[in-house]
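In this chain, residues are counted from 1 in sequence order.
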Amino acid sequence: MPIKEELSSQRVPVKIWTDDADANSKRQLENIASLTIVHHHVAAMPDVHLGIGASIGSVIATRAAIIPAAVGVDIGCGMLACRLSLSGNQLDERSLKKVFDQISRDVPVGREQHSDSRALESAAQPFARRLEAMLKKHPQLLKSVGKHSKWVNQMGTLGGGNHFIELCLDESNRAWVMLHSGSRGIGNALATYFIALARRDMERAMTHLPDRDLAYFTEGSAHFGDYVEAVGWAQEYAMQNRREMVELVLAALKRHLPAFEVTGEVVNCHHNYVAQEHHYGADVWLTRKGAIRARAGDLGIIPGSMGAKSYIVRGKGNAESFDSCAHGAGRRMSRSAANKQFSAADLARQTEGVVCRKDQGVVDEIPGAYKDIDTVMANQSDLVDVLHTLKQLVCVKG
């Protein structure tokens, strides 16, 4: 499908790949487009919805500047998926329940983390020296990082909210492991610190912004290089966190399922991050806030909700989307609204056939709180080709 809507702004247009973007999200997109640092246009993916400062599902090209709050607090959040040699014929309800329980024991979720004795320190150690150097430059960071002093113990953990681990089957009845997580508490601490720093810098410079959460650092300014270093660190940590976690998941599966191997298709991609790219004749800092890179040939993962289909896709390299596509179904209602509208019984009905939590504690993640994933996919047929369609059998939520 082509672009569904285009908004005019004071400076550059906003191109939207859906016709159901709400008014508040459109206002956020127009605010972004009004910034002098924004290059060419702002792209909004078909899962776009309200965020903090910048809409989730927005793709923002900036010249010689980065907006930390647009990158967000879950720096490097993203997806990993790998196909297994198992088929659905080798799985039964009893073994799936065992797998759910084993993953729940082996992979810390929510605020939990690995014990000191089990901490994956070998994977975390290369990150430690760089973090120490950042703390020396910014001793105030200790106030934030101190809350997450066991960040090495969080390597290989899931986190909370919409993060998940799933065992799925594809259209050919082949099994896949898929998971969603980011840079955990340490990424949040780094982001929170630099977002506040950007706001203070803007206030000192008396720079007028349509939203204080659109405060930015410019190249050559006092804190730009330090933020680039911190965000790069957190993005690498998030990528490694997913690698460590999938090893724990595979080990859990091997305890209860027939012998298997991981086949050649492994995808590990960010959907909350910033990178240097070239678009429309300029070298820019491209922020994908709830969007994945979809250059021609790029593999990506677009998950649905707990009871919906997910997709392994190949990018088409659409220039108007800045080589990007949606990162998932996208919320259609807030967590508080979902808790008011739905019950645990509703959750059980909407996740029938999936081994997962079905209690009040995860009602805010009910499929009904999300946009229809099939509509999202139809709205970005010009951005990606679908390679595999996955349906979950097991879902472990943060």
With heavy-atom distances below 4.5 Å as the criterion, would you say the side chains of H270 and R288 are in contact? no

Is the shortest side-chain N to carboxylate O distance from D346 to R349 below 4.0 Å? yes

How about D47 and H327: does a side-chain donor come under 3.5 Å of a side-chain acceptor? yes

Would you call E365-R357 a salt bridge at under 4.0 Å N-O? no

So does G368 get a backbone contact from the side chain of R332, meaning a donor-acceptor N/O pair under 3.5 Å? yes

Carboxylate-amine/guanidinium proximity below 4.0 Å for D92 and R94: no

Taking the hydrophobic residues Ile, Leu, Val, Met, Phe, Trp and Tyr, and joining any pair whose side-chain heavy atoms are under 4.5 Å apart, which ones share a cluster with M239? none

Less than 4.5 Å apart, any side-chain heavy atom of L35 and any of I67? yes

Evaluate the salt bridge (Lys or Arg N to Asp or Glu O under 4.0 Å) criterion for residues K97 and E93: first the C-alpha distance (whole Å), next the side-chain angles of each, then the deciding distance (0.1 Å), finally the verdict. CA-CA 6 Å; K97 288 181 178 177; E93 186 176 354; 3.3 Å; yes

Between R83 and D170 (salt bridge meaning N to carboxylate O under 4.0 Å), is one present in this structure? no

Determine, for R243 against E247, whether the closest basic-nitrogen to carboxylate-oxygen distance falls under 4.0 angstrom. no

Hey, is K316 close enough to D385 for a salt bridge, meaning N to O under 4.0 Å? yes

Can you measure from CG (L131) to CG (L135) and round to the nearest 0.5 angstrom? 4.5 Å

Return yes if a side-chain donor-acceptor contact under 3.5 Å exists between H271 and H180, otherwise no. yes

If only side-chain N and O atoms count, and only distance matters, is there a donor-acceptor pair under 3.5 Å linking H256 with D101? no

Hey, are E244 and Q240 close enough side-chain-wise for a donor-acceptor pair under 3.5 Å? yes

Co-members of the apolar cluster containing L390 [side chain, <4.5 Å]: M79, F164, W176, M178, V267, L299, I301, I312, L387

Charged N to carboxylate O below 4.0 Å: is that the case for R295 and E277? no

Ring-ring centroid check W285 F224, cutoff 6.0 Å: yes

Please confirm whether F322 and H40 have ring centers closer than 6.0 angstrom. no

